[in-house]
Amino acid sequence: MRLGAPRPQAIVVFGASGDLTRRKILPALYNLAAEGLLPEKHVIVGYAFADWDDDAFRERARAAVEEFSRTGIDEEVWKPFADSLSFVPGKFEDEDGLRRLGERLVRADAESGTEGGRLYYLATPPSTFPVIVKGLGTMGAGRSDRTRIVIEKPFGHDLASARELNAIVHGVFEETQVFRIDHYLGKETVQNLMVFRFGNSLWERVWNRDAIDHVQFTVAESIGVEGRGGYYEEAGALRDLVQNHMLQVLGFLTMEAPGSLDPEAIRDEKLKVLRAIHPLKPSDVVRGQYSASPAGPGYREEPNVSPDSTTETFAAVKLHIDNWRWSGVPFYLRHGKRMPERSSEVSVVFRQAPSYLFAEEGIETLPPDHLTIRIQPDEGIALSFQAKQPGPGISLQEVEMDFGYGQSFKTKPAEAYERLIHDAMEGDHTLFTREDGVERSWEIVAEALAYPGPVHTYPAGGWGPHEADDLIAPRHWHLGAHW
Ligand code: BG6
């Protein structure tokens with residue numbers, strides 16, 4: 001990463017009164033300010049339908065930073081940061097509001113030296129993306145190459161709507177101006193996948209069908225839908241997490257080495273591997289929904305959820321990548337809400353070693369070596385392998401070599417949003433999804449979404465329905481099981 005302060009610009013947050021702005025964007029901007037990574041000359045303009053003035057926005061921003069920032073408030077950082085905040089009230093479709101926003105930005109160029117630089121951040125519900133993009137088009141926003149737009153997920157609801165949205169966006173902006181967020185790519189552990197694979201000579205030699213038995217990737221969340229029942233009813237686990245975050249991580253995990261670190265070279269390789277994934281059939285997917293248990297209410301009891309909802313809060317998927325590196329290696333992806341813990345990790349499970357040598361010791365099979373990439377929390381990478389237990393005779397025990405971010409770097413990785421907002425301000429597309437990539441991801445899940453199989457229940461606080469164990473059998477899910 002080229003660390004430094006980006007060129008002067010105005011950062012405009014659409015949806016400035018919303019939850020995402022409060023929980024993620026304002027704390028991320030504040031931390032960027034604390035690290036000297038905001039442009040030296042910048043303004044942050046909130047835009048939303050709220051009866052606020054600049055001071056009201058500043059007060060709310062302070063409360064948001066106090067509650068959600070990974071670092072506490074430092075008054076010396078806060079003062080200039082707060083001065084850079086302002087608020088323009090208006091509806092997204094309101095021409096008058098957008099005109100006032102435009103005037104505010106022109107004033108910022110004159111008074112704050114933002115030099116016509118604009119970063120429009122759409123932290124709004126997806127249904128508002130078209131109207132905001134069109135409104136920005138009316139303002140002439142797309143015409144300047146100093147303008148960029150950041151679009152939150154979900155980008156579309158399916159392949160057709162993603163294509164439609166891409167067409168609307170391209171009616172105003174060039175692809176080079178567009179930054180589609182997938183915040184998983186902003187996580188340090190996901191970015192480290194490239195360095196881990198291509199910055200070491202060890203792993204690439206075994207990163208293929210000859211050495212690997214299978215790969216499993218679990219994103220478990222202990223939270224439920226957290227008051228987002230209305231959104232989630234329309235989404236479900238496959239759309240909400242598998243189609244975007246998990247397929248993107250899988251891309252970094254399985255792509256070929258790019259020719260350079262150029263963002264397009266990386267995105268080309270990621271696209272190539274996504275293109276090699278077999279589109280999912282409904283039978284490749286197990287859907288689950290949490291039901292009431294002593295650990296808590298069921299999904300159907302959540303606010304804004306239909307009492308006979310068949311939306312899945314859990315999905316387990318088996319997929320194949322048809323290329324020379326991966327042919328024949330199954331990939332198992334699993335994600336669920338209200339699971340026993342919050343934990344995202346990839347397990348690369350190597351082929352078993354032959355055990356004949358130890359047969360006389362009563363050892364019939366050797367457990368496979370495996371590499372666990374802990375994406376969060378407790379970020380790190382561990383290699384598990386067999387070792388001889390000290391003492392006479394030969395008995396084997398699994399042991400671990402473990403790298404932890406906290407231990408090695410004495411720090412917790414920064415929040416994904418900090419990195420992503422900084423990269424968008426810099427114009428670096430590496431960690432953002434390209435038009436063709438987002439459409440390909442929808443293609444992969446299209447049939448499974450159109451013809452969903454039955455939804456099986458699992459108790460809130462459990463590891464998902466047993467059908468997900470059948471999907472991976474005779475192998476076992478690593479998380480939540482004993483090897
Ligand atoms: C979001 C999903 O994209 O990612 C949420 O909409 C999910 O449902 C969240 O909880 C998980 O993000 P993180 O960074 O907490 O793992």
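Both ligands and their constituent atoms are indexed starting at 1 by order of listing. The basis for the numbers below is simple: all heavy atoms, side chains too, and nothing from hydrogens, waters or symmetry mates. The shown structure was predicted, so the numbers you read here are calculated from the model rather than taken from an experiment.
Here the options are Thr433, Asn166, Asn244, the test is side-chain hydrogen bond (donor to acceptor under 3.5 Å, both in side chains), and the partner is Arg180; only Asn166 passes.
Salt bridge annotation for Asp240-Lys153: present, with a cationic side-chain nitrogen under 4.0 angstrom from a carboxylate oxygen. Classification of Arg163 and Glu443 as a salt-bridged pair holds, one side-chain N sitting under 4.0 Å from a carboxylate O. A salt bridge between Glu312 and Arg239 is absent, with no side-chain N of the basic residue lying under 4.0 Å from a carboxylate O of the acidic one. In this structure, Glu426 does not pair ionically with Arg148, as no charged nitrogen and carboxylate oxygen lie closer than 4.0 Å.
Listed by chain and number, residues touching ligand 1 at under 4.0 Å (heavy atoms only) are Lys153, His183, Tyr184, Lys187, Glu221, Arg228, Asp240, Leu241, His245, Lys337, Arg342, Gln376.
Side chain of Trp326 to backbone of Phe331: no donor-acceptor contact under 3.5 angstrom is found.
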